[in-house]
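Along the sequence shown, the residues carry numbers beginning at 1.
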Amino acid sequence: MWHKYGTISTLDTSVLSGDTPIKNWAGIGVRDYGTKNLEKFGTNTVIKDNVKPYGCASCPVSCGAWIRRNTRYGLVDIGHRLEYETASLFGPALLNADQDSVVYAGELCNLYGLDTISTANAVGFAFELYEKGILTEKDVGFPLKWGDPDAVVKLVELIGKAEGIGKVLGQGVKKAAEIIGRGTEQYAMHVGGQELPAHHPQFLPGLAITYTADPTPGRHTAGGVHWWGEGGKRLWTPFDIGMDLGASPKYDYGDKGRKAAIIAMTTQVENSIGFCQFASQVIYRTLPYIDLIYAVTGMKYTQQELLKVGHRIHTLRQLFNVREGINPKKDWKLPKRVLEPFPEGPLAGVKLTEEDVERMREQYWETLGWDPSTGYPRRKTVEELGLTEIASDIISILPP
């Protein structure tokens with residue numbers, strides 16, 4: 001599946017399940033986009049442009065692909081196949097079913113060096129401001145209407161060139177809202193200035209933890225109880241940690257923060273040795289990392305020693321934030337819209353409140369030995385992990 005489609009394999013089901021955020025996180029996929037648009041712009045239509053697969057170094061799967069497509073905006077010659085985030089956020093999220101537009105917008109982002117998640121969120125932000133009359137055709141230079149493929153490409157070009165309204169949008173939705181003002185902060189979908197990925201916490205509540213509690217907020221790849229494991233019979237970790245985490249029922253928030261913290265620590269180990277999360281956390285299986293590290297380096301770790309390595313990496317990342325004056329407790333909050341219940345569709349009736357999220361992330365921080373009232377690592381934890389010297393310039397402001 002991954003070789004043939006890459007992450008685009010999840011597009012159709014994500015749109016129809018409520019996972020994909022629609023219309024700047026205010027819409028409903030089955031109602032506003034629907035199956036007819038997915039017939040024009042869906043999983044199987046995207047792979048028709050494939051020329052040749054590619055993969056990361058030494059990977060036998062090769063889940064990426066080079067594509068060739070002669071769009072009406074220009075030729076995309078040996079460009080990157082659309083991944084789920086790019087496709088969903090430039091496509092269904094904007095009610096755009098025009099594949100030429102989405103492929104070309106993705107190509108422009110690659111050429112300009114723009115992140116597709118952040119750029120597509122900025123486009124959706126602008127579309128909503130236009131819909132509400134906050135931005136006008138005079139401000140933008142052309143009309144912005146949901147589903148208009150030409151407007152999508154034009155906005156990406158302006159962002160890439162830092163021209164006109166693109167100079168504002170290109171600074172990210174948080175800064176753009178500050179510049180535009182007039183209450184536009186409520187339409188800026190970000191955590192700590194990081195635009196949100198195309199996965200809804202009401203569909204996968206574990207993401208609410210990683211979006212607001214991880215040292216790099218607003219990321220869907222930080223490791224946790226989400227993806228295929230949430231709601232299943234058993235949670236998996238990238239390597240054997242000598243304990244069974246059991247299950248994480250989707251809408252049971254009682255122990256989710258603790259389990260997410262443990263998996264996040266194991267994810268830092270996986271990241272540091274250069275392995276792919278698809279091999280463990282998406283296709284759930286435990287890999288023999290302890291044996292692999294020993295075979296390559298001669299270093300023999302126990303399960304708890306390797307978990308401590310992940311704990312140390314994770315804590316060091318948060319210490320960087322402390323040094324830079326970031327206040328995770330105050331600054332990293334989900335936008336209110338993300339938690340507003342849907343009146344209909346597959347997520348109707350889901351209850352995920354700000355209090356639920358706060359309780360889960362406090363449990364996450366507590367499990368890591370970080371102060372749940374601030375998100376700062378405790379001095380005791382820093383000492384136990386051998387990070388006292390490296391944190392010497394901020395040790396005095398850490399909680400005991």
Side-chain angles (χ1 to χ4, degrees), residues 11 20-27 32-33 37 40-41 45-46 49 67-77 79-182 184 187-190 195-196 198:
L11 179 65
T20 304
I22 304 295
K23 292 185 70 176
N24 202 30
W25 294 76
D32 300 318
Y33 197 71
N37 277 327
K40 294 187 290 183
F41 181 82
T45 68
V46 171
D49 298 327
I67 63 167
R68 182 178 290 110
R69 186 184 184 93
N70 190 15
T71 78
R72 65 178 182 279
Y73 305 101
L75 176 65
V76 175
D77 191 17
H80 294 271
R81 180 176 62 201
L82 295 173
E83 299 293 341
Y84 166 73
E85 304 290 334
T86 306
S88 62
L89 290 173
F90 277 125
L94 302 176
L95 304 190
N96 181 12
D98 183 278
Q99 201 159 127
D100 275 357
S101 167
V102 179
V103 169
Y104 200 74
E107 177 74 354
L108 285 175
C109 286
N110 288 332
L111 294 174
Y112 283 122
L114 298 171
D115 175 62
T116 58
I117 292 175
S118 291
T119 305
N121 269 278
V123 173
F125 173 70
F127 272 40
E128 181 164 13
L129 297 193
Y130 189 93
E131 181 183 47
K132 289 183 164 31
I134 298 171
L135 288 180
T136 66
E137 191 167 342
K138 183 180 178 181
D139 298 319
V140 180
F142 48 90
L144 299 179
K145 295 181 180 179
W146 296 110
D148 183 347
D150 297 340
V152 174
V153 172
K154 287 178 182 178
L155 269 186
V156 174
E157 287 178 327
L158 288 177
I159 292 170
K161 294 176 180 177
E163 294 178 352
I165 193 65
K167 190 172 184 179
V168 176
L169 296 174
Q171 297 180 63
V173 297
K174 179 177 184 289
K175 185 67 176 177
E178 293 172 1
I179 294 170
I180 297 169
R182 290 178 282 172
T184 54
Y187 310 120
M189 298 294 106
H190 69 90
E195 291 78 9
L196 294 176

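Tyr84 places a side-chain N or O within 3.5 Å of a backbone atom of Ala198 that can act as its donor or acceptor partner.
Two residues are said to be in side-chain contact when any heavy atoms from C-beta on lie closer than 4.5 Å; Phe41 and Leu11 meet this criterion. No side-chain heavy atom of Met189 sits less than 4.5 Å from a side-chain heavy atom of Val173. Taking the side chain as every heavy atom from C-beta outward, Pro21 and Asn121 never approach each other to under 4.5 Å. For the pair Val103 and Val46, the minimum side-chain heavy-atom distance is 4.5 Å or more. Counting only heavy atoms from C-beta outward, the side chains of Gln99 and Asp49 approach each other to under 4.5 Å. In this structure, Leu95 and Tyr33 have side chains that are in contact, with non-hydrogen atoms separated by less than 4.5 Å.
Between the NE2 atom in His80 and the CG atom in Asn110 there is a gap of 5.0 Å [rounded to 0.5 Å]. Within the model, atoms OH of Tyr187 and CD1 of Ile180 stand 12.0 Å from one another, a figure rounded to the nearest 0.5 Å. Of the inter-residue distances, the one linking Lys138 atom NZ with Ile165 atom CD1 reads 13.5 Å to the nearest 0.5 angstrom. Note that CG of Leu129 is 8.5 Å distant from CZ of Arg182, once rounded to the nearest 0.5 Å. Note: Leu169 CG to Ile159 CD1 = 5.0 Å, rounded to the nearest 0.5 Å. Between atom CG of residue Leu89 and atom CG of residue Leu82 there is a gap of 11.5 Å, rounded to the nearest 0.5 Å.
Residues Thr20 and Ser88 come closest through the heavy atom pair CG2-CB, 3.9 Å. Nearest heavy-atom pair, Phe90 versus Val123, reported as atom, atom and distance to 0.1 Å: CE2-CG2, 4.4 Å. Between Leu155 and Ala126, the closest heavy-atom pair is CD1-CB, 4.0 Å. Taking both residues in full, the closest heavy atoms of Ala177 and Thr184 are given as O-OG1, 3.2 Å, listed atom of the first, atom of the second, then distance.
The existence of a salt bridge linking Lys132 and Glu128 is confirmed by a sub-4.0 Å separation between a basic side-chain nitrogen and an acidic carboxylate oxygen. Ion pairing between a basic and an acidic side chain is recognised when a charged N comes within 4.0 Å of a carboxylate O; Arg69 and Asp100 show such pairing.
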Compile the donor-acceptor pairs under 3.5 Å between side chains in residues 112-119 and protein atoms, sequence neighbours left out, one pair per line.
unit_1, atom_1, unit_2, atom_2, d
Asp115, OD2, Ile117, N, 3.3
Asp115, OD2, Ser118, N, 2.8
Asp115, OD2, Ser118, OG, 3.2
Thr116, OG1, Thr86, OG1, 2.9
Ser118, OG, Glu195, OE1, 2.7
Thr119, OG1, Asp115, O, 2.7

When the side chains of residues 142-153 are checked against the rest of the protein, which donor-acceptor pairs come out under 3.5 Å, sequence neighbours left out?
unit_1, atom_1, unit_2, atom_2, d
Trp146, NE1, Glu131, OE1, 3.3
Trp146, NE1, Glu131, OE2, 3.3
Asp148, OD1, Asp150, N, 3.0
Asp148, OD1, Ala151, N, 3.4
Asp150, OD1, Tyr73, OH, 2.5

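Checked against salt bridge (Lys or Arg N to Asp or Glu O under 4.0 Å), Lys40 has no partners two or more places apart in sequence or in another chain.
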